[in-house]
Colleague: 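Okay, handing you the structure first.
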Amino acid sequence: MKPTLMLIGLGGLAEVILELLAREESLGRIIVASRNVERGIARCNLARLSAMAQGYSPKINFAPLDLNNAEAVAETVRQESPNLILSCATMQTWWLPDMLPPPQSALINSAGFGVWLPVHLTLTLKLMEALRQADYSGLTLTAPFPDVVNCILGKLNLAPTCGIGNIDEIVPKVRLLAAQRLEVPLEAVRVFLVAHHALEPAAFGTPKVFGEAVGETPPYFLRIEYGGQDVTQTVRADELLFAPYPLPSGPPTHFLTAGSTIRLIRALFSDQGALLHAPAPNGLPGGYPVIAGKSGVQPAPIEGLSLAEAIAINQQSHRFDGIERIEADDGAAVFCPDAVEVLRKALGYNCHRLPPAEAEARATELMARFREYAGQYGVNLENV
Ligand SMILES: NC(=O)c1ccc[n+]([C@@H]2O[C@H](COP(=O)([O-])OP(=O)(O)OC[C@H]3O[C@@H](n4cnc5c(N)ncnc54)[C@H](OP(=O)(O)O)[C@@H]3O)[C@@H](O)[C@H]2O)c1
C-alpha cells in the first residue's frame, strides 16, 4: 500500500511543498492539517486540480488541526495513521524582520536568527508531545529552525526523525560549482558537508552581521569527491562554498527547501534509501550527510571526520545564530549577550535563557513587542 503523509501547518512553505507532493506518484494519501479550514480546503482543492491538470491524480484531504489542542492532535493522528508527518507550523514566519525599513531591518537581523527560537520551538514541542500521547511510531520531519529546535527536543527525548532544508540547500550549489570547475558531469560529484543553519547566509554571499561574530564564519567540514576520489583541494572547495550565488530573498526560496524535502521523503519511502544531507538527524545539532531510508535517518560515515568531531563543529556554530549553548540537562537555550542586547534595546524584550517550558510565553511576548516596534515605523504586521 502506498504511504500516507500528513502535512501540518499550511503556510507559505507548506503550500509549495504541497504542490510538489501532489505530483509524487509514490504517495498514497496526503492529509493537510492546519487551523484555517476555509483557506486549507481551498488550497487543497487548488493543489488537487493543479496536479490533475498536469496529468496526476493525487488523493488530498484537509483535516482541521490546532497544535494547541494536544488531545485533538493525538486523536487525528491515531485516526489518520500517517506513515510520515511533516510539520511546517510556526507561530511566526522567518522573513518578517525583512519587512521593516532597511535600518530597522538591519538592526533586528543583527541579533541573529536564534533570538526567534521561541516562535519556532513552541509548536514543534507541542506536536512532539501530542505524538507521544498518540503512541505515534512513524517518521516525523520538521521545518522550524531544526538545527536548534530539534536539538533541544532531543534533550527532552522528543526528537523528530530530522529537519528539512538548511544544510541541504547549500549542497546543490557546491556540487554544481564543483562539477563546473572540474568540467565533469554533476552526477559524478559527491559532497560531504557538516554545517549549521548559521552558515547559510555566508554560503549565499550574504554574511550575517552578528555581534562578536562579525567577519567570522561558522566552522564547517567540507569534502568533495569526484568518481570516489577526494578532490576537495583540487576544486578549492572553500572558495566554492562562499562563492556568491545570489538568490531571491524570502518566500521564493521555499522552492529550494521544498525540492530538498521531496528528495528526503522519497528516500525515506524507498527500499534502497539514499545518501543526502539533512539538519538535526535524531536531534543532533546542525546538519550532516545522512543515510535516509525506511527505518529513518542516520548520520553517514565521513572520511576524515568522526561523528563526535562533526557534532562539535555544529555545537560551536550555535553562537553564530546568537545562541551560546543548549544546556544538556533541560534543553534550555542560553543566548549570546550581544544578541540579547539588540532586542532589549530595540524591543524592550529581555531573554537571556529560554527553558523549553517558557517558549510559548516568550514567543507571545516577542511577537507582540516586535509588532509594536514595526508599527512605530509604519509597518502593520497585525494580520501577517
Ligand atoms: N528548514 C528550512 O530550510 C526552512 C526553510 C523555510 C522556512 N522554514 C521554517 O518553516 C516554518 C514555516 O515557515 P512559513 O514561512 O511557511 O511560515 P508561515 O507562512 O507563517 O506558516 C506557518 C503556518 O503554521 C500554521 N499554524 C500556526 N499556528 C498553528 C497551530 N496552533 N496549529 C496548527 N498550525 C498552525 C499556520 O496555518 P493555520 O493558520 O492554517 O493554522 C501558518 O500558516 C518556519 O519556522 C520557518 O522558519 C524552514
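Counting convention: from 1, in listed order, for ligands and their atoms alike.
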Colleague: Got a sec, which pairs hit side chain to side chain donor-acceptor pair (under 3.5 Å) with one end in residues 171-195, sequence neighbours left out?
Modeller: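 Every side chain to side chain donor-acceptor pair (under 3.5 Å) pair that includes a residue of residues 171-195, provided the two are not neighbours, is Arg181-Glu239.
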Colleague: Counting each atom of ligand 1 from 1 as listed, which ones have a heavy atom of Leu65 under 4.0 Å away?
Modeller: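 Result: 32 (N), 33 (C).
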Colleague: To the nearest 0.1 Å, how far is atom 21 (O) of ligand 1 from its closest protein heavy atom, and which atom is that?
Modeller: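 Checking every protein heavy atom, the shortest distance to atom 21 (O) of ligand 1 gives Gly11 CA, 3.1 Å.
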Colleague: With heavy atoms only and a cut-off of under 4.0 Å, state how Leu123 meets ligand 1: side chain, backbone, both or neither.
Modeller: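 The part of Leu123 near ligand 1 is the side chain, not the backbone.
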Colleague: Does the side chain of Glu19 reach to within under 4.5 Å of the side chain of Arg43, using non-hydrogen atoms?
Modeller: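 Yes, side chains in contact.
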Colleague: Check whether any side-chain heavy atom of Val32 sits under 4.5 Å from a side-chain heavy atom of Ile30, and report yes or no.
Modeller: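 The answer is yes, as the side chains (C-beta and beyond) meet within the 4.5 Å cut-off.
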Colleague: Checking a contact table here: which protein heavy atom is nearest atom 19 (O) of ligand 1, and how many Å away?
Modeller: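 Looking at atom 19 (O) of ligand 1, the protein heavy atom closest to it is Gly12 N, 2.9 Å.
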Colleague: Write out the residue and atom name of the closest protein heavy atom to atom 48 (C) of ligand 1, then the distance separating them to 0.1 Å.
Modeller: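 Its nearest protein heavy-atom neighbour is Ala143 O, 3.1 Å.
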Colleague: At under 4.0 Å between heavy atoms, is it the side chain or the backbone of Thr93 that contacts ligand 1, or both, or neither?
Modeller: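 Contact part for Thr93 vs ligand 1: both backbone and side chain.
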Colleague: Provide the number and element of each atom of ligand 1 under 4.0 Å from a heavy atom of Glu169.
Modeller: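 Those qualifying, in numeric order: 3 (O).
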Colleague: I need the atoms of ligand 1 closer than 4.0 Å to a non-hydrogen atom of Trp94, numbered in the order shown.
Modeller: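 With Trp94 as reference, the close atoms of ligand 1 come out as 6 (C), 7 (C), 15 (O), 46 (C), 47 (O).
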Colleague: Please check whether Ala14 reaches ligand 1 - meaning an N/O of the residue sits under 3.5 Å from an N/O of the ligand, judged on distance alone.
Modeller: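 For ligand 1, there is no N or O atom that lies under 3.5 Å from one belonging to Ala14.
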Colleague: Please examine the side chains of Ile108 and Trp116, heavy atoms only from C-beta on, and report whether any two atoms are closer than 4.5 Å.
Modeller: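 The answer is yes; the side chains approach within 4.5 Å.
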Colleague: Can you confirm whether Ser87 sits close enough to Leu123 that some side-chain heavy atom of one is under 4.5 Å from a side-chain heavy atom of the other?
Modeller: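 Contact flag for Ser87/Leu123 side chains = no.
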Colleague: Atoms of ligand 1 less than 4.0 Å from Leu13 heavy atoms?
Modeller: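 Numbered from 1, ligand 1 contributes 6 (C), 7 (C), 8 (N), 10 (O), 14 (P), 16 (O).
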Colleague: With the 4.5 Å side-chain cut-off for hydrophobic clustering, are Val174 and Val184 part of the same group?
Modeller: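 Yes, Val174 and Val184 fall within the same hydrophobic cluster.
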Colleague: List ligand 1 atoms under 4.0 Å from His120, heavy atoms only on the residue side.
Modeller: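 Near His120, the atoms of ligand 1 are 44 (C), 45 (O), 47 (O).
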Colleague: Counting only heavy atoms closer than 4.0 Å, does ligand 1 sit against the backbone of Met91, its side chain, both, or neither?
Modeller: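 Neither part.
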Colleague: Does the N or O separation between Arg39 and ligand 1 drop below 3.5 Å for any pair?
Modeller: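 No, since none of the N or O atoms of Arg39 sits under 3.5 Å from an N or O of ligand 1.
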Colleague: For atom 29 (C) of ligand 1, what's the nearest protein heavy-atom neighbour? Residue, atom name and distance, please.
Modeller: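 Protein heavy atom with the smallest distance to atom 29 (C) of ligand 1: Arg35 NE, 3.4 Å.
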Colleague: Does any N/O atom on Gln92 come nearer than 3.5 Å to any N/O atom on ligand 1?
Modeller: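 Min N/O separation from ligand 1 is not below 3.5 Å for Gln92.
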Colleague: Measuring from the heavy atoms of Gly163, does anything fall under 4.0 Å of ligand 1?
Modeller: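 Judged by the 4.0 Å heavy-atom criterion, Gly163 does not count as contacting ligand 1.
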Colleague: Look at atom 4 (C) of ligand 1 and say which protein heavy atom is nearest, naming residue and atom and giving the distance to 0.1 Å.
Modeller: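 The closest heavy atom on the protein side is Thr257 CG2, 3.9 Å.
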Colleague: Is Ile164 close to ligand 1, meaning an N/O of one under 3.5 Å from an N/O of the other?
Modeller: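 The answer is yes, given that Ile164 and ligand 1 share an N or O pair closer than 3.5 Å.
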Colleague: Which atoms from ligand 1 have a heavy atom of Asn36 less than 4.0 Å away?
Modeller: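 Near Asn36, meaning under 4.0 Å from one of its heavy atoms, ligand 1 has 38 (P), 40 (O).
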Colleague: With atoms numbered from 1 as shown, which atoms in ligand 1 lie under 4.0 angstrom from a non-hydrogen atom of Ala89?
Modeller: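 The atoms of ligand 1 under 4.0 Å from a heavy atom of Ala89 are 24 (O), 34 (N), 35 (C).
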Colleague: So do Leu96 and Arg371 actually touch side chain to side chain, heavy atoms under 4.5 Å?
Modeller: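 Heavy-atom side-chain distance check passes, below 4.5 Å.
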Colleague: List every atom of ligand 1 that sits less than 4.0 Å from any heavy atom of Gly165, numbering the atoms from 1 in the order shown and giving each element.
Modeller: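 Within the 4.0 Å cut-off of Gly165, ligand 1 contributes 3 (O).
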Colleague: Please state which protein non-hydrogen atom is closest to atom 11 (C) of ligand 1 and give its distance, to 0.1 Å?
Modeller: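 For this ligand atom, the closest protein heavy atom is Cys88 O, 3.6 Å.
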Colleague: Taking the ring centre of each residue, are His197 and Phe113 less than 6.0 Å apart?
Modeller: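 Ring-ring flag for His197/Phe113: true, centres closer than 6.0 Å.
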Colleague: Taking the side chain as every heavy atom from C-beta outward, state whether Phe242 and Leu199 have any pair of such atoms under 4.5 Å apart.
Modeller: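 With C-beta onward as the side chain, the pair touches.
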Colleague: Could you find the nearest protein heavy atom to atom 31 (N) of ligand 1 and give me its residue, atom name and distance?
Modeller: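 For atom 31 (N) of ligand 1, the nearest protein heavy atom comes out as Asp66 OD1, 2.9 Å.
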Colleague: Do the charged groups of Arg369 and Glu372 touch, with an N to O distance under 4.0 Å?
Modeller: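 Salt bridge absent between Arg369 and Glu372.
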Colleague: Report yes if the side chains of Phe192 and Leu222 come closer than 4.5 Å at any heavy-atom pair, otherwise no.
Modeller: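 Of all side-chain heavy-atom pairs linking Leu222 with Phe192, none is under 4.5 Å.
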Colleague: Identify whether NZ of Lys or CZ of Arg in Arg362 sits under 6.0 Å from the centre of the six-membered ring of Tyr349 and within 45° of that ring's axis.
Modeller: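 That pair qualifies as a cation-pi contact.
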Colleague: Rounded to the nearest 0.5 Å, what separation is found between the CD1 atom of Ile323 and the NE2 atom of His196?
Modeller: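 If we round to the nearest 0.5 Å, Ile323:CD1 and His196:NE2 are 7.0 Å apart.
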Colleague: What is the closest protein heavy atom to atom 40 (O) of ligand 1, and at what distance does it sit?
Modeller: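 Protein heavy atom at minimum distance: Ser34 OG, 2.7 Å.
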Colleague: Could you check if a side-chain atom of Leu275 sits within less than 4.5 angstrom of a side-chain atom of Val290, using non-hydrogen atoms only?
Modeller: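 The answer is no, as the side chains (C-beta and beyond) never meet within the 4.5 Å cut-off.
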Colleague: In terms of heavy-atom contacts, does CD of Gln54 have more than 12 from other residues, nucleotides or ligands at under 6.0 Å?
Modeller: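 Yes, enclosed.
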Colleague: Under 3.5 Å between some N or O of ligand 1 and some N or O of Leu67?
Modeller: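 N/O-N/O distance below 3.5 Å exists for this pair.
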